Amino acid sequence: MRVINLGLIGFGTIGTGMVKVLKERIPFFERELGIKLSLTAICDKDILTRRKVEIDKDILTQDVSRVVDDPQIDIVIELVGGLHPAKEFILRALKNKKHVVTANKALLAECGEEIFKYAEQQGVDVYFEASVGGGIPIIEALREGFVANKIEKIYGIINGTCNYILTQMSDKGCAFRVALKDAQDRGYAEKNPGLDINGIDSAHKIAILSRLCFKQKIPLEKIFIEGIRNISLSDIRYADELGYSIKLLAIAKRTSSNLQIRVHPTLLPKDHLLSNVQGVFNALFVNAALIGQALFFGQGAGQMPTASAVVSDIIFLAEKIQRPLVADNAKKTKIKIKEKPICTIDDIESRYYIRFSALDKPAVLAKVSAILGKYGISIFSVIQKGRRQAHIVPVVIMTHEAKEKNMRKALSEIDMLTVIKNKSVAIRVERV
Ligand code: HSE
């Protein structure tokens with residue numbers, strides 16, 4: 001049995017988790033799967049801080065070439081994160097014909113094409129299960145399990161931080177900034193939470209998933225991204241009264257003529273399974289003709305779930321190294337030449353929840369509905385709440401399907417009415 005040598009770059013939380021899992025499972029992999037793994041080198045800037053796992057000090061180094069250039073090493077595991085120098089480390093490992101395992105969603109979303117193409121040229125593979133959904137094996141499911149399907153839609157709650165914040169706001173009735181502070185105190189949100197709460201992390205992940213589903217390049221700049229910063233407690237409450245929850249959804253849809261890929265807060269019926277995904281959990285709802293609907297649920301981050309995904313990639317690659325004809329991942333992840341256009345947000349059609357802050361006097365609703373009517377937007381239901389501030393009332397309207405472009409024009413006209421006092425709020429509604 002040939003020993004498969006592993007080199008790790010990045011001995012942080014996930015790296016430490018991966019080493020723990022390997023230490024525990026290496027005998028099992030050898031006994032049950034016939035795979036003999038050896039962790040040969042670990043590179044990190046910090047080699048002094050003690051980690052909560054015992055390792056042979058000789059394998060610890062600050063010199064990345066001991067991982068990426070060592071001819072003995074078969075698989076390089078990149079857990080550094082960020083674009084640079086992670087990209088350079090991966091390209092150097094590929095140059096030296098090493099397979100790569102990475103959890104780096106930002107890098108794959110930004111530079112995936114270059115990396116996958118180079119890996120293919122070099123005859124090696126890049127595996128990335130840990131980049132989306134932590135311990136949920138969604139990448140493998142899309143690549144292998146659903147290979148007979150034409151994926152039509154994916155709806156994902158793929159940012160635990162945002163889902164935690166929205167859950168807290170809804171359950172505890174607290175404001176966004178209070179829920180964010182709580183998420184930071186618990187270590188779910190970063191000190192600088194922009195990537196999460198502005199929807200960028202979800203966009204990175206849906207870019208990776210939609211590339212796999214639709215087999216084409218998904219440039220990040222073609223993804224519409226709106227975060228959760230502007231979600232107010234009152235919108236969560238009104239949505240609740242109307243039978244909806246508000247979730248940050250990452251959406252990828254195939255229509256007959258184009259693709260829609262977007263990330264934004266979304267009203268979902270409360271009885272939908274995704275509405276019941278609470279706290280830091282992640283979930284992915286997949287729709288395709290053969291399987292109908294499938295739901296994946298689990299921990300989308302954290303040391304051990306993510307380490308579980310990394311180790312599963314290592315095992316796939318180790319099997320491939322031992323039996324090279326078995327798994328040709330490159331073919332399954334290859335993109336098509338013929339691409340469908342990715343439509344802009346202006347071109348989508350959706351139902352909308354809209355909230356106006358209106359003066360409480362005669363004919364206000366008539367003015368608002370006249371503008372909606374002018375743009376072909378049909379009202380489904382209206383609620384007006386009691387006065388809070390003097391003479392200003394929230395008016396909540398649910399619409400039928402409308403064109404986004406028309407909704408934007410209507411809202412900017414409505415916001416210019418003298419009877420409308422604050423910028424109106426619009427949130428897309430999905431029936432899934
Ligand atoms: N920051 C991510 C989240 C976890 O909040 O879900 C890593 O992907």
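As the structure is a computational prediction, the values presented were derived from the model and not from experiment. We count ligands from 1, going down the list as the structure has it; atoms in each ligand are counted the same way.
- No salt bridge links Lys403 with Asp346; every basic N to acidic carboxylate O contact stays at or beyond 4.0 Å.
- With a 4.0 Å heavy-atom cut-off, ligand 1 is reached by no atom of Asn282.
- Among all non-hydrogen protein atoms, the one lying nearest atom 4 (C) of ligand 1 is Ala301 CB, 3.7 Å.
- Residue, atom and distance of the protein heavy atom nearest to atom 1 (N) of ligand 1 are Asp196 OD1, 2.9 Å.
- Of the possible polar contacts, one joining the Gln184 side chain to the Glu190 backbone as a donor-acceptor pair under 3.5 Å is found.
- Contacts of Arg237 classified as salt bridge (Lys or Arg N to Asp or Glu O under 4.0 Å), with partners at least two apart in sequence or in another chain: none.
- At a 4.0 Å cut-off, at least one heavy atom of Lys205 sits close enough to ligand 1 to count as contact.
- No cation-pi contact links Arg31 to Phe28, judged by a cut-off of 6.0 Å to the six-membered ring centre and 45° from its axis.
- Scanning all protein heavy atoms for the shortest distance to atom 5 (O) of ligand 1 gives Thr161 OG1, 2.5 Å.
- The shortest non-hydrogen separation linking Gln278 to Asp171 is OE1-OD2, 4.5 Å.
- Under the rule for a side-chain contact (heavy atoms from CB on, under 4.5 Å), the partners of Tyr118 that lie at least two apart in sequence or sit in another chain are Leu91, Leu94, Lys95, Gln121, Gln122.
- The shortest contact between atom 6 (O) of ligand 1 and any protein heavy atom is with Gly160 N, 2.7 Å.
- Counting protein heavy atoms only, atom 8 (O) of ligand 1 is closest to Lys105 NZ, 2.6 Å.
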